[in-house]
Amino acid sequence: MIVDFRRRFWISMVITLPVLVLSPMIQGLLGYEFTLLGSADRYILFVLSSVVYFYGGWPFLTGLVDELKKKQPGMMTLIAVAITVAWGYSSATTFGVEGGTFFWELATLIDIMLLGHWLEMRSVAGASRSLQMLVEMMPSEAHLLKDGDTVDVKVDELQKGDRVLVRPGEKVPVDGEITEGESRVNESMVTGEAKPARKSTGDRVTGGTINGNGSLTVVVEQVGEEAYLSKVIHMVRDAQAEKSESQNLADRIAFWLTVIALAVGFGTLAVWLVLGEPFVFALERMASVMVITCPHALGLAVPLVVAISTSISARNGLLIRNRTAFENSRKISLLAFDKTGTLTKGNFAVTRSGSLDGSLNDKQILRLAGALENQSEHPLAAGIMEKIKEEKIDLPKVEDFNAITGQGVEARVENRKIRVVGPGYLKDHHIGIPEEAKENERETVVYVLMEDQLAGFVAMADEIREESYEAVRILKEIGMKVVMMTGDNEKVASSVSKELGLDAYYAGIRPDQKLKKVKEFREKGEFVAMTGDGINDAPALAAADVGIAVGSGTDVAAETADIILVHSNPADIASLVLFGRETYRKMIQNFVWATGYNVVAIPLAAGALYGAGILISPALGAVLMSASTLIVALNAQLLRRKLRR
C-alpha cells in the first residue's frame, strides 16, 4: 500500500506540472502567457487532468465506496466528493458550459492528499502479523506412539486419546495430560514466567510450550480449534477487530465537512435558482463551495504532525505502530503491567551464594556450580553463568556429566562427585536445609552437593528493573492507576507489588484472564493501557485502548501492540503520555487552521455577499487555500521544538 501511494504520487506529480503551466488561472496569477496548441490547450488540460483524476484519485474513489458501505463517511469521502465535483464541473466547462475550470486545483489536491497518506503510512508501521506468528509457534509434527512404535505424524491428524512422545528440548505438540515421565517445561508462552515448571505424571501441558531435559508421554486431550493456543489466536483476532471499529479524529472532522459540503453546495444551487439566477451561475457557485470545502491543508494537517511526532518518539525510545492509539494515549487513566520482562528483567540473576560446610568459600561454590551448569540448558544456568562471567571465574574441567531428570545435574569435577540440585532432591534424600539457604518468596535456590554432602547454595531471582521504580512514581504523579497482572504466584506478585508501590496486583492469571481483566477495567470507565512482553500478553495488548510492548520481548507481543518501547524502559511510558498530549494539541491546532478558512471562504463562494458586490473568485480561493496549507506546515514544525524540550 505504501509503495502504491508513493508511485501514484510521483506519477501524478509529473503530470500535474504541465497542468499548472497550461492553466489560465495560474498564468493570470503569475503574470505570464504560454500556449501549446492555442485554443486546443483546454483539451490537453482535460486529458492530463483526467489521467490524474482516475489514476491518482483512484484510492480515494474506491475509499468512498468502502466508507459508504460501512456507513462511516470520512476523509476518503470528502476527498472523493471534492475531486469528482472539480473534474465533473471542469469537464463540463471544457465542452461548452460557461465558467472557469478547476483542473489545476483538482490535480494539486490529489497530489497533496496522496503525499499526506504516503507520509502517514510510512511513519506508522503496517498491518500486524501477530496472528500468523502465533500460528507459527505450534509444531507441525508429533511423535505418535502406536502399537509399541513411534510414528511421526502431522499434528492435525491426532485425535483425542492418542499418546504422543515429547523428547527433551522439543515443543509440546498438543494440550494433554502426562502419563509417563518427568521434566521441567518452559511455559512462558502461557504464563509469561521465565522459571520452568516441574511436570510429572498427572500434570497437564499446553501445546507450544517447550519441554526441558526429560522425555514425556502425553495423552491428547485438545487439538485443532479446541487447543489453548488456537483460543488465544481467536482472542487476539476478536480484540483487534473490536478496536479497529473506532474512527480517528481526521475522519470525524472529514465526516462533518462532507455533510457541510453537500448541504451547502446543493443548497447554494437551489437558492440561486430560486432567486432567478442562470443555471450556469448557480452551478459555478455550487462547484466552488464543494471544491473549497476540501482544503489542501486538511490532507497535511495530520500526516505532517504524525511524521514529526513518530520520528521524534522513535529517537526517544517509542516506536508508534498505531496512530489512533498514540493520539489516545493522553487519555490513559489505568496502566496494567505484566511482571516478567516488563517490570522485572525477565531472566534469573544470582542474588546471593554461600558455603554451608566451611570447606569451600563463596567463590568456590560458584565455581563448582558454574562448572556443571555450563553443560546444562536449564534456564537457571544462564543466570549462574552470567555471574561467573562477571566475577571472571575460571571453570574446571567436567567429566561424566549427567542430567538427573527433573532434579538437577551431576558430574565429576577435580576427582570429586558434584551435584547441583533443587530443593526437591534434598527433600527426597532427607537432607536438611539451613535457614539461611532456604528459598523465599522472590528467590529460587539451587544447592551444591560434594560427595553427597551439602556444601553450599546459589540463590537467584528475577530482578526488578531499576527503571521500574521511577516509572511507577512518575505515572502515579501524573494521575494514573498502576496495576500488575502476572502468571507468577501470589507470593512473588505480592512482593513485587509492595516494593514498587503499585495500586493493585493480580497473580496466577492466564492470557484469557488478562483479557477479561482489561475488559472489566474498560467497563468501569477506565481508559486502559496494557504493557507486556510475551505471547501470553497478546490478547490483553490487542484489547486494551493502548497496547504497549516491551522491545526486548517476543515478536508476537510487538506485532500485536500499538506502541513499542524500543529501550524496554517502563519510564518511557510517561514520555508516551506527554508526547501524545502535545501531538493531539498540535493536531487540533492544525485542524483549526485547515478548516478555519472555510468559515470565510464557503459563504463567500456561495455568494452570501453577492448583493454587496463581494464574490470570491477561484483565484482568491486559491490564495486562501495556499495560505492555509503554509500555516499548517509551519505549525507542524513547531512540534519538533516542543517534543524535544
Side-chain angles (χ1 to χ4, degrees), residues 188 191-195 329-349 351 440-444 461-534 536-541 543-553 557 561 563 565 567-578:
S188 60
T191 65
E193 303 316 309
K195 183 180 178 180
S329 61
R330 73 191 191 282
K331 300 189 288 187
I332 297 172
S333 62
L334 183 147
L335 180 59
F337 278 106
D338 171 48
K339 179 183 75 68
T340 307
T342 305
L343 290 173
T344 65
K345 293 182 179 179
N347 49 50
F348 283 84
T351 53
N440 59 34
E441 58 192 22
R442 290 278 304 282
E443 291 180 327
T444 295
D462 184 9
E463 294 180 291
I464 295 176
R465 294 179 187 271
E466 288 297 323
E467 308 95 325
S468 296
Y469 298 95
E470 182 73 1
V472 173
R473 182 187 66 79
I474 294 173
L475 293 167
K476 293 182 77 170
E477 279 182 2
I478 60 178
M480 282 190 204
K481 299 173 187 174
V482 184
V483 305
M484 179 178 71
M485 299 193 294
T486 176
D488 212 339
N489 63 68
E490 173 73 22
K491 286 184 178 180
V492 173
S494 175
S495 173
V496 173
S497 177
K498 185 176 180 181
E499 189 165 342
L500 289 174
L502 304 180
D503 293 305
Y505 70 89
Y506 304 90
I509 59 176
R510 291 163 72 93
D512 55 321
Q513 294 169 313
K514 287 186 178 183
L515 172 64
K516 186 177 179 181
K517 274 294 176 189
V518 168
K519 290 183 176 180
E520 285 178 5
F521 294 143
R522 294 182 69 185
E523 287 169 1
K524 291 177 182 178
E526 302 287 358
F527 199 87
V528 181
M530 172 68 195
T531 305
D533 74 321
N536 62 305
D537 301 313
L541 287 170
D545 295 296
V546 181
I548 305 168
V550 173
S552 59
I563 294 150
L565 304 182
H567 304 310
S568 303
N569 185 352
D572 286 340
I573 297 174
S575 298
L576 166 67
V577 175
L578 297 175

With rounding to the nearest 0.5 angstrom, report the [atom1] to [atom2] distance, [X] to [Y].
X    : Y    : atom1 : atom2 : value
I464 : T342 : CD1   : OG1   : 12.5 Å
L334 : R522 : CG    : CZ    : 12.0 Å
S333 : K524 : OG    : NZ    : 12.0 Å
T531 : L343 : OG1   : CG    : 8.5 Å
T486 : D338 : OG1   : CG    : 6.0 Å

Looking at residues at least two apart in the chain, or sitting in another chain, which of them share a side chain to side chain contact (heavy atoms under 4.5 Å, CB included) with [X]?
X    : value
A529 : I332, L335, V546, I548
S575 : L318
A349 : E463

Inset, instruction - Could you check I573, V483, L500 and say which one makes a side-chain contact (heavy atoms from CB on, under 4.5 Å) with F337? - result: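 By the side-chain contact (heavy atoms from CB on, under 4.5 Å) criterion, F337 pairs with just one of I573, V483, L500: I573.
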Partner set under side chain to side chain donor-acceptor pair (under 3.5 Å) for [X], not counting sequence neighbours:
X    : result
S329 : none
E490 : Y505
S497 : none

Find out whether [X] and [Y] are in side-chain contact, i.e. whether some heavy atom of one side chain is under 4.5 Å from a heavy atom of the other.
X    : Y    : answer
Y506 : K514 : no
Q513 : M485 : no
V496 : M484 : yes

Inset, instruction - Could you tell me which non-hydrogen atom of L515 sits nearest to which non-hydrogen atom of A543, and how far apart they are? - result: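 What the structure gives for the nearest pair is CD1-CB, 3.2 Å.
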Legend entry - Donor-acceptor contact present, side-chain R510 to main-chain G487, <3.5 Å: no
Legend entry - Flag, side chain of R465 to backbone of T344, donor-acceptor distance under 3.5 Å: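 Between the backbone of T344 and the side chain of R465 there is a qualifying donor-acceptor contact (under 3.5 Å).
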Legend entry - By salt bridge (Lys or Arg N to Asp or Glu O under 4.0 Å) - contacts of E520 (at least two apart): K517
Legend entry - With E467 via salt bridge (Lys or Arg N to Asp or Glu O under 4.0 Å) - residues at least two apart: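 Once residues adjacent in sequence are excluded, E467 has no partner under the salt bridge (Lys or Arg N to Asp or Glu O under 4.0 Å) criterion.
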Inset, instruction - Please check if atom NZ in K516 has more than 12 non-hydrogen atoms from other residues, nucleotides or ligands closer than 6.0 Å. - result: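 Atom NZ in K516 is not packed in, count stays at 12 or less.
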Legend entry - More than 12 heavy atoms from other groups under 6.0 Å of CD on E466: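 No.
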Could you pull out every donor-acceptor pair under 3.5 Å between side chains of residues 470-481 and any protein atom, sequence neighbours left out?
unit_1 : atom_1 : unit_2 : atom_2 : d
E470   : OE1    : R473   : NE     : 3.3
E470   : OE1    : R473   : NH2    : 3.3
E470   : OE2    : R473   : NH2    : 2.5
R473   : NH1    : E477   : OE1    : 3.4
R473   : NH1    : E477   : OE2    : 2.6
K476   : NZ     : G501   : O      : 2.8
K481   : NZ     : E526   : OE2    : 2.4

